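We count residues from 1, following the sequence as given. Just so you know, ligand 1 is whichever comes first in the structure, and atom 1 is the first atom listed for that ligand. Being a predicted model, the structure only gives us computed values, none of them experimental.
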Amino acid sequence: MTDLAEARRLDDADPLAHFRSRFTWPDGVIYLDGNSLGALPVATPGRVEKVIREEWGIGLIRSWNDADWISMPQRVGSKIAPLIGAEPDEVIAADSVSVNLFKLIAAALAMQPGRTVVLSEPGNFPTDLYMIQGLEGQGLADQKTAAADDLEAALGDDVALLLLTHVHYKSGRMHEMARLTKAAHDVGALVLWDLSHSVGAVEVDLNGCDADFAVGCGYKYLNGGPGAPAFAYVAKRHHDALQQPLSGWMGHAAPFAFSDDYTPAPGVDRLLAGTPHILGLAALEVGVDIAAEIGTAALAEKSRRMSEFFRAVVTEKLPDLELVSPTDPAVRGSQLSFRHEHAYPICQALIARGIIGDFREPDILRFGFAPSYLSFEDVFKAATALAELIERGEWQRPEFSERSKVT
Ligand SMILES: *Cc1c(COP(=O)(O)O)cnc(C)c1O
């Protein structure tokens with residue numbers, strides 16, 4: 001059954017329902033874009049204000065020690081670790097996903113003398129490919145791509161690194177991390193997983209899969225706020241050999257010795273380059289704490305149930321709408337993507353009704369089901385509104401076709 005009463009029954013039985021009140025909601029909005037920018041936790045403004053007014057305003061430079069600002073990248077990283085199947089000292093929060101990709105692709109290449117190929121897939125998130133291409137421009141890498149089903153066949157003994165996004169940003173399709181990691185290792189390649197659309201929404205077991213490296217995003221399902229710091233993971237067995245090219249002073253073994261010569265800090269600390277972004281880390285920590293409190297298993301379970309409920313309502317009301325995501329929730333992330341020739345104006349018409357999903361070029365309507373704050377009632381109402389406005393042709397109003405800068 002897919003009616004409103006059923007949605008409310010699912011909400012009543014939802015063990016995570018009370019987490020909704022930990023987030024701030026504008027009136028009249030149903031938010032299905034938490035996979036692009038997570039919602040604002042109620043506690044974040046107070047926490048950031050405290051850092052600004054007390055720790056910065058009054059503590060001034062003393063707060064590096066007194067408020068332990070200096071350990072924030074490690075502390076926030078250690079809280080992300082259990083969400084991705086890592087040990088606390090294998091994860092650090094810093095920089096952006098793009099910058100962390102650069103550091104770790106370069107570090108992997110340095111560990112693989114005689115190999116230069118970085119294998120990825122066409123249509124991967126652009127920054128992942130662009131970062132390989134940047135290193136190609138430096139003469140350090142050779143990009144090779146193979147479609148998802150051909151990756152194993154493309155793994156040869158020239159491949160230094162396999163770089164994949166675990167959950168595809170457009171389709172939501174999820175790679176089999178354990179199988180692909182093993183296939184890469186079998187030919188002597190290392191593996192770097194981009195977890196931007198995974199962390200906080202699906203189960204990830206990096207150490208269980210014997211992964212080498214990973215990066216992930218702080219502002220999507222971790223609700224760290226726009227431009228929140230990202231994170232990076234390095235398996236412990238690589239800590240001593242890890243050499244990253246952005247050898248800034250904060251990644252030095254003794255930054256305050258002010259020595260002329262670079263000596264890397266132990267473990268993942270050497271992934272730091274410059275001074276940590278304390279305001280960003282403070283906001284990110286609030287979001288991470290909520291995700292850690294709920295735990296990955298419960299987040300993933302609710303994600304699957306919500307996306308399945310949305311799919312059931314849409315299938316019933318719009319049987320012709322083409323689903324691009326896998327139908328099996330076990331092999332997709334916390335999103336559903338549909339193909340429609342008029343995806344852009346449909347998305348704008350939905351936003352005009354207060355239902356925020358997003359559009360991805362050229363014809364994809366994408367809906368994310370952030371498990372910590374969405375209700376089944378939201379999901380039902382959004383799917384019903386989608387069906388209604390497509391049936392009525394409501395999206396045909398000319399203003400819905402005007403493209404904005406950020407889609
Ligand atoms: C969102 C996202 C990023 C973001 O990278 P930034 O450098 O933090 O902007 C990277 N990779 C994937 C797969 C993403 O979905």
Side-chain angles (χ1 to χ4, degrees), residues 32-39 73 76-77 80 83-84 91-106 118-135 143 145 148 161-175 177 180 191-202 204 206 211 213-233 244 246 271 273-274 276-277 280-281 283-284 287-288 303 324-325 332-337 357-361 364 366-370 405-407:
L32 302 183
D33 213 1
N35 52 326
S36 205
L37 175 65
V76 176
I80 293 169
L83 297 168
I84 54 176
V91 184
I92 195 152
D95 301 317
S96 61
V97 178
S98 303
V99 171
N100 289 332
L101 282 167
F102 184 87
K103 288 184 279 192
L104 290 179
I105 299 168
V118 179
L119 177 64
S120 191
E121 63 175 315
N124 193 353
F125 191 81
T127 212
D128 298 61
L129 298 176
Y130 299 164
M131 284 295 157
I132 302 172
Q133 290 159 27
L135 284 156
Q143 178 181 291
T145 56
L161 178 72
L162 175 63
L163 164 57
L164 293 174
T165 300
H166 179 225
V167 172
H168 195 272
Y169 76 103
K170 215 185 261 189
S171 68
R173 185 222 56 230
M174 183 155 65
H175 276 302
M177 186 181 285
L180 286 166
V191 185
L192 166 50
W193 289 100
D194 186 334
L195 304 176
S196 294
H197 282 277
S198 309
V199 62
V202 302
V204 177
L206 289 171
F213 309 105
V215 295
C217 190
Y219 52 80
K220 290 171 179 159
Y221 295 108
L222 292 181
N223 304 308
F231 64 86
Y233 153 93
Q244 67 101 349
L246 303 183
L271 287 176
H277 191 318
L281 286 163
L284 173 60
V288 168
S303 288
V324 175
S325 307
R332 67 169 189 249
S334 191
Q335 73 180 65
L336 287 173
S337 300
D358 65 21
F359 160 79
R360 284 293 172 264
E361 290 286 355
I364 301 292
R366 189 175 73 153
F367 302 102
F369 304 96
K405 261 194 208 159
V406 176
T407 57

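Shown in contact with Thr127 at under 4.0 Å from a heavy atom are these atoms of ligand 1, numbered in order with element: 10 (C). Listed by atom number, the atoms of ligand 1 under 4.0 Å from Ser96 heavy atoms are 7 (O), 8 (O). Within ligand 1, counting atoms from 1 as listed, the ones closer than 4.0 Å to a heavy atom of Thr165 are 13 (C). Atom numbering of ligand 1 starts at 1 in the shown order; those under 4.0 Å from a heavy atom of His197 are 15 (O).
Closest heavy-atom contact between Leu104 and Leu192: CB-CD2, 4.0 Å. In terms of heavy atoms, Leu206 sits closest to Ala214 at CD1-CB, 3.8 Å.
Partners of Ser96 according to the side chain to side chain contact (heavy atoms under 4.5 Å, CB included) rule, which considers only residues two or more places apart in sequence or in another chain, are Ser98, Val99. Taking Ala106 as the reference, Leu135, Pro245 meet the side chain to side chain contact (heavy atoms under 4.5 Å, CB included) condition, with sequence neighbours excluded.
Within a 6.0 Å radius of NE2 in His277, no more than 12 heavy atoms belonging to other residues, nucleotides or ligands are found.
Counting only heavy atoms of the protein, atom 11 (N) of ligand 1 lies nearest to Asp194 OD2, 2.8 Å. From the protein, the heavy atom lying nearest to atom 9 (O) of ligand 1 is Tyr219 OH, 3.2 Å. Scanning the protein heavy atoms around atom 15 (O) of ligand 1, the nearest turns out to be Lys220 NZ, 2.5 Å.
With a 4.0 Å heavy-atom cut-off, ligand 1 is reached by the backbone of Val97 and by its side chain too. Residue Asn124 does not touch ligand 1, judged by heavy-atom distances below 4.0 Å.
Side-chain polar atoms of Glu121 and His168 form no donor-acceptor pair below 3.5 angstrom. Residues Gln143 and Thr145 bring no donor and acceptor atom of their side chains to less than 3.5 Å of each other.
Checked against a 3.5 angstrom limit, the closest N/O atoms of Ser98 and ligand 1 fall inside it.
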